[in-house]
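Residues take their numbers from the sequence shown, with the count starting at 1. Worth knowing before you read on, the calculation uses all heavy atoms, side chains too, and leaves out hydrogens, waters and symmetry mates.
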Amino acid sequence: MAAVTQQMSSLPSGLRICTTAPDILYLPELVLNLHVCVFVLQVFGGLVWILVASTYVTPNNPQGWVMFVSVFCFVMTFLWLIIFACGGHKNSSAWATADFIYHFIAVMFYLSASVILAYVTINMKLSTALQVYPFKYYQIDIAAVVFSYIATLLYFIHCILSAVRWKSF
């Protein structure tokens, strides 16, 4: 518990990123961005990616944006995790600022993708009732919407905690 209450004016590195707020959120953020990976941390955002990719992707543009956001956030969060784990930030205040800015952008991206995905899923309900799409695709899209909003919430919490750390630097 002492590691969680560390000074907010230092950036953790190594395994300390797994014990400090907001950095502990890297793990579930990655999990929300890629379904199956070597790490246990890939469960939730990846579900969005996998669930959207496993359905009949229509309309293409909104679903393409959802896929882009999911893949982009996974790659960037993974790189961010590696940089922090290796101590590449060298405890610089510029990295604290960059951490806040990245997570703010991720929140905006994921929120827009979540709203679009929910809209497409609502429209898919009528098509499913008319038997244009199998009911299975509708169910998968519902799951993708839920996990997309969970990912948005995690990125939002990380953004707020990063802003607090940035302001205390």
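Considering OG of Ser162 and NZ of Lys167, their distance stands at 13.0 Å, rounded to 0.5 Å. Atoms CD1 and SG, from Ile101 and Cys159 in turn, are 10.0 Å apart once rounded to the nearest 0.5 Å. Rounding to the nearest 0.5 angstrom, the gap separating the CG atom in Leu117 from the OG atom in Ser70 is 10.0 Å. Taking CD1 of Ile142 as the start and NZ of Lys125 as the end, the distance is 8.0 Å to the nearest 0.5 Å. Put simply, CG on Asn91 and NE2 on His89 are 6.5 Å apart, with the number rounded to the nearest 0.5 Å. Rounded to the nearest 0.5 angstrom, His158 NE2 and Phe100 CZ are separated by 11.5 Å.
Under the side-chain hydrogen bond (donor to acceptor under 3.5 Å, both in side chains) criterion, Thr97 pairs with Trp166, sequence neighbours left out. Ile160 meets the side chain to side chain contact (heavy atoms under 4.5 Å, CB included) test with Phe156; sequence neighbours excluded. Phe68 is linked by a ring-ring contact (aromatic ring centres under 6.0 Å, His included) to Trp65, Phe72, counting only residues two or more places apart in sequence or in another chain.
Across all their heavy atoms, Ala106 and Tyr155 have their closest contact at CB-CD2, 3.6 Å. Here the closest heavy-atom approach between residue Trp95 and residue Gly88 is recorded as NE1-O, 3.9 Å. When all heavy atoms of Ala113 and Val66 are compared, the closest pair comes out as O-CG2, 3.5 Å. Taking each heavy atom of Asp141 and Thr121 in turn, the nearest pair found is CB-OG1, 3.4 Å.
Looking at Thr77 and Tyr102, their side chains do bring a donor and an acceptor atom within 3.5 Å of each other.
The list of salt bridge (Lys or Arg N to Asp or Glu O under 4.0 Å) pairs with a residue in residues 154-164, not counting sequence neighbours, is empty. The salt bridge (Lys or Arg N to Asp or Glu O under 4.0 Å) analysis of residues 70-95, with sequence neighbours excluded, yields no pairs. Residue pairs meeting the salt bridge (Lys or Arg N to Asp or Glu O under 4.0 Å) criterion with at least one member in residues 96-113, sequence neighbours excluded, are Asp99-Arg165.
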ask   = What's the verdict on side chain to side chain contact (heavy atoms under 4.5 Å, CB included) for Tyr149 and Val115, showing C-alpha distance, side-chain angles and the deciding distance?
value = CA-CA 9 Å; Tyr149 277 107; Val115 169; 3.6 Å; yes

request  = Evaluate the criterion side chain to side chain contact (heavy atoms under 4.5 Å, CB included) for residue pair Val69 and Phe74; output intermediate values, then yes/no.
outcome  = CA-CA 8 Å; Val69 168; Phe74 171 78; over 6 Å; no

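Note on Leu79 and Val71: same hydrophobic cluster, where clusters join Ile, Leu, Val, Met, Phe, Trp and Tyr whose side-chain heavy atoms are under 4.5 Å apart, directly or indirectly.
Side-chain N or O atoms of Ser114 include one that pairs as donor or acceptor with a backbone N or O of Ser148 at under 3.5 Å.
The aromatic rings of Tyr138 and Phe135 sit tilted relative to each other, their planes meeting at an angle between 30° and 60°.
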